Amino acid sequence: MAPPTRSFDFCAGLCLEEKLMEGQGLRQRRSSTLGYTPWRSLTRIWFSRLSFAEAERRLKENGPNVPIDYSFPSWWHILWNAFFHPFNIILIVLSVISYFTSDSPNGCIMLVLVFISVSLRFYQEYGSSKAAMKLSEFVRCPVKVQRCAGRVYQTELVVQIDQRDVVPGDIVIFEPGDLFPGDVRLLSSKHLVVSQSSLTGESWTTEKTADIREDQSTPLLDLKNICFMGTNVVSGGGTGLVVSTGSKTYMSTMFSNIGKKQPPNDFEDGVRRISYVLVAVMLVAVTVIVVIDYTTSHDLTASFLFGISVASALTPQMLPLIVNTSLAKGALAMAKDRCIIKSLSAIRDMGSMDILCFDKTGTLTMNRAIMVNHLDSLGLSKEKVLQFAFLSSYFKTDQKYPLDDAILAHVYTNGYRFQPSKWQKLDEIPFDFIRRRVSIIMEREAEDKSRHSFERVMVTKGALEEVMKICSSIEDVDSGTNITFTSERYQRILNMVEEISNEGLGVIGVAIKSLDTETSYQRKDNDETFESDMVFLGLITFFDPPKDSAKQALWRLAEKGVKAKVLTGDSLSLAIRVCKEVGIRTTHVVTGPELELLNQESFHETVKRATVLARLTPTQKLRVVQSLQTVGNHIVGFLGDGVNDSLALDAANVGISVDSAASVAKDFADIILLEKDLNVLIAGVEHGRLTFGNTMKYIKMSVIANLGSVLSILIATVCLKYEPLTPRQLLTQNFLYSVGQIAIPWDKMEEDAVKVPQKWSQKGLPMFILWNGPVCTIFDVSALLFLWFYYKADGVDDSMFFHSAWFIEGLLMQTLIIHLIRTEKIPFIQDLASWPVLCSTVLISAIGIAIPFTPIGDVMGFVELPLSYFGFLLVLFIGYLFVGQVVKRIYIMIYKRWL
């Protein structure tokens, strides 16, 4: 059936439906699309109001009106993620095997370590999730809708409902400041101006009107008769039909890729690879050790128990605890800087971040207007222009804008005295977004008081083009008389304004008109006729100033190896001006439309070089972030607060938002700033690098110590006719060493180590182990040979003496490794560890040395050692530190880095 005749074009509403379906990948008939109905029913919906019963039915059918169904992870999901760590699983498996082999103490120790690690991570992430949930709660937003009530006689009512309860077919009434609760086809409008910045990122407003017929080729966001969910009314008002809600709105199409292309986490992948390698080494080493031990002891149970103890010693048992403690410590430090950490791993990623992308508005700038200059038609500073602009702002009462405050502040702070008290306001023609100007009619007593006459003028201020088109003359700069406003003069002003705009400044025009004072003032009905034949005075220039802290913050970020890229929806000229002010290079700039014309290879190369990318759509921001990650192999942070930033926030390695941001932006951010300040991020970068550095310290020193220890045990097992340590002694040694490592998260990092981004290197760790691992084993074997030849401890009768000596040597060697690995400098001479690490080293070493001299040592099978052995250990460890330092310097010379 052909569509009925209609007074306005609701074809555009169906055009919108088609475009939205294309954006969502849907190809359904209109009659079967949820929220839409066939032609006949659509006509009824278009002109009639929904009943409360019908609205309730549609709400049940379509669900709540939210653009995306996002929910915070439940407590059990957070607990599962905290539990499911590779080394947690290894420890649990070993603990189970320990129980089966009657080694309950070892099993208990490993389970306690797992419990502490999981509890710590769960506590921190669950608390952060609850805090973020409170921040991102959906604000109850009342919406005026037209509904009908009554069974026999239908009465039309205007009621307020929550935005969540709006359904397709509702007719909504909107006023300045209202948010559109869905995608709306306008039914009526009056001077309606809408801000779409939440979708486009552009700071400019858009005029909308109901009485227009749109073409099928019109871009979706350019449709004049359609308003989108998430946008807001700046001025004017009207009514509209809700054609789509919730997941069927244009806003929801922006989230189609969210959560589907998360960047790879190199750290987690690296830890996973280490776990696989250690498991493989564990299986081989334990098997060999069990076989060798069985050939000498002929006791399979004892040999298997010894093998399990060796496997436990090979496992970096404290890794989950060290990582989570470091992250929790960083989260607490950032909380003091007014940050909420939703994901603990984001702190570590902050340390690896080498590119930070952000919008200029509110980040680099103060998000307010500052007046710059007052110019005449030739571009010269003229006080008369400022005087009448000031009087207009002073007497203006309807809809004061930040620019009015900027003009007033400029006059007051610069000592101008324009004496507004001598003027009397008669009338005001308010600003609207159709005329885009405001006019103030005022008068004062003439300077010639003998005649007792008055001077009456109308001052018009607003968008330059709108002011210029109502002017018929221009004030001559030299003579002060009025001359004809010719096309040449008009073009000259436009050229001048273009140059000003290229510098990133905004411009408004100022004009005046002398009015007849012989008769009493009476305003004409037609404002546009009244505002005519005016005299153009000049221009007021202004800009959004950069924050005082922005330049220093960017310099500090650059000093730490973090490059800044500005991704904005604003104009290129404005972005360049602001970037120059804060010290961002603008030699390579590009716009969104220019990016669309590039092929894939050129796109990646352009994104790599560009520092300022302007007029970007949300999808283009996403492509830029993904290009930097995949092709550039960068760790990318993204700071955004609008709906249009959500795609990039989700894709970035570190998504950062603010508490005043759109709820969707906060949902997908990893870090929420309570203050939009780059200096807070610098503190986050420092905490992240400290966390990453201390974590890498533990991983490298524990892997070297554990592999070296197991290799030494393997060599000793082959050479001796007995176990170098009993299972109980080996587990005690391993436990003491593990406890001593708990202080590592409180260690400090060298200044050079935190100046550059810290990244996981897949090749770096294996090479580090190959260079440094054998040093530990060489000196363990040296101790073995010393005990064998000097003390003749090569027989079974001497096993208790050998166990005591090997226990102390192994424990002290592993403890000293911490200090050798933690710094590039000479330990204890050029660099000292933090006091918690030093205290931990002294305490654990003292306990280890004292055990053989206590009753506990008797229980464990130890004997007292001669003083000469400790003299040997002193020489041994000095030699170890010397050789280790030489290997360290050679390694740094070759690979240009240490940790």
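Small disclaimer: the values here were computed from a predicted structure and weren't measured.
- Side-chain atoms of Tyr895 and Trp771, non-hydrogen and from C-beta on, do get closer than 4.5 Å to each other.
- The OG atom of Ser702 sits 7.5 Å away from atom CD1 of Ile744, with the distance rounded to the nearest 0.5 Å.
- Looking only at distances, no side-chain donor or acceptor of Trp898 sits under 3.5 Å from a matching main-chain atom of Arg889.
- At a threshold of 4.5 Å between non-hydrogen side-chain atoms, the residues His819 and Met701 do not count as touching.
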Q. Do Arg822 and Asp831 pass the side-chain contact (heavy atoms from CB on, under 4.5 Å) test, and can you show the C-alpha distance, the side-chain angles, and the key distance before you say yes or no?
A. CA-CA 10 Å; Arg822 62 167 295 278; Asp831 186 74; 2.6 Å; yes
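- A donor-acceptor contact shorter than 3.5 Å is absent between the side chain of Glu809 and the backbone of Leu873.
- Side-chain contact check for Cys776 versus Met813: some heavy-atom pair is nearer than 4.5 Å.
- Between Pro757 and Ile635 the shortest side-chain heavy-atom distance does not fall below 4.5 Å.
- Atoms CD and CD1, from Gln885 and Ile890 in turn, are 11.0 Å apart once rounded to the nearest 0.5 Å.
- How far CD1 of Ile347 is from OG of Ser352: 12.5 Å, rounded to the nearest 0.5 Å.
- In this structure, CE on Met350 lies 5.0 Å from CD1 on Ile656, to the nearest 0.5 angstrom.
- Around atom CG of Leu832, more than 12 heavy atoms belonging to other residues, nucleotides or ligands sit under 6.0 Å away.
- When atom types are taken as modelled, the side chain of Arg348 and the backbone of Thr695 share no donor-acceptor pair closer than 3.5 angstrom.
- At least one side-chain heavy atom of Val290 sits under 4.5 Å from a side-chain heavy atom of Val286.
- Applying the side chain to side chain donor-acceptor pair (under 3.5 Å) test to residues at least two apart or on different chains, none of the pairs has a partner in residues 844-854.
- By the 4.5 Å heavy-atom criterion applied to side chains, Asp780 and Ile715 are not counted as neighbours.
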Q. Should Leu784 and Ser712 be marked as a side-chain contact (heavy atoms from CB on, under 4.5 Å) after you check the CA-CA gap, both sets of side-chain angles, and the distance that decides it?
A. CA-CA 9 Å; Leu784 169 66; Ser712 301; over 6 Å; no
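- When side chains are defined from C-beta on, Leu876 does not count as touching Phe786, because their heavy atoms never get closer than 4.5 Å.
- Proximity of a side-chain donor or acceptor of Tyr791 to a complementary backbone N or O of Tyr869 within less than 3.5 Å is detected.
- Here the closest non-hydrogen pair linking Asp670 and Ala346 is CB-CB, 3.6 Å.
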Q: Run the numbers on Leu714 and Ile292 for side-chain contact (heavy atoms from CB on, under 4.5 Å), then give the verdict.
A: CA-CA 9 Å; Leu714 179 61; Ile292 294 174; 4.1 Å; yes
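- The two atoms that bring Asn653 and Asp349 nearest to each other are O-OD2, 3.8 Å, heavy atoms only.
- Summarising the local packing, CZ of Phe870 is surrounded by more than 12 heavy atoms from other residues, nucleotides or ligands at distances under 6.0 Å.
- Although no hydrogens or angles enter the test, the distance criterion places a donor-acceptor pair under 3.5 Å between the side chain of Lys888 and the main chain of Lys825.
- With hydrogens and angles disregarded, no donor-acceptor distance shorter than 3.5 Å links the side chain of His803 to the backbone of Val863.
- Asn694 places a side-chain N or O within donor-acceptor distance of the main-chain N or O of Asp747, the cut-off being under 3.5 Å.
- Put simply, CD on Glu723 and CD on Gln729 are 9.0 Å apart, with the number rounded to the nearest 0.5 Å.
- A donor-acceptor distance shorter than 3.5 angstrom exists from the side chain of Ser840 to the backbone of Gly740, with no hydrogens or angles considered.
- Between Val562 and Arg689, the closest heavy-atom pair is CG2-NH2, 3.5 Å.
- Between atom CD1 of residue Ile818 and atom OH of residue Tyr698 there is a gap of 9.5 Å, rounded to the nearest 0.5 Å.
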(Q) Run Val775 and Leu820 through side-chain contact (heavy atoms from CB on, under 4.5 Å) and show every step you take. (A) CA-CA 11 Å; Val775 179; Leu820 181 66; 5.8 Å; no
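- Nearest approach of Ile742 to Trp746, heavy atoms of both residues: O-CZ3, 3.5 Å.
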Q: Could you walk me through whether Gln741 and Tyr737 pass the side chain to side chain donor-acceptor pair (under 3.5 Å) test, one step at a time?
A: CA-CA 7 Å; Gln741 293 172 323; Tyr737 168 63; 2.5 Å; yes
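- Taking the six-membered ring for Trp and thresholds of 30 and 60 degrees, Phe862 and Phe807 have ring planes inclined between 30 and 60 degrees apart.
- Open room surrounds CZ on Phe882; 12 or fewer heavy atoms of other groups in view lie less than 6.0 Å from it.
- Between Leu787 and Asp798, the closest side-chain pair of non-hydrogen atoms is not below 4.5 Å.
- Taking every heavy atom of both residues into account, Glu750 and Glu824 meet most closely at OE2-N, 3.2 Å.
- Here the closest non-hydrogen pair linking Gly848 and Ile808 is O-CG1, 3.7 Å.
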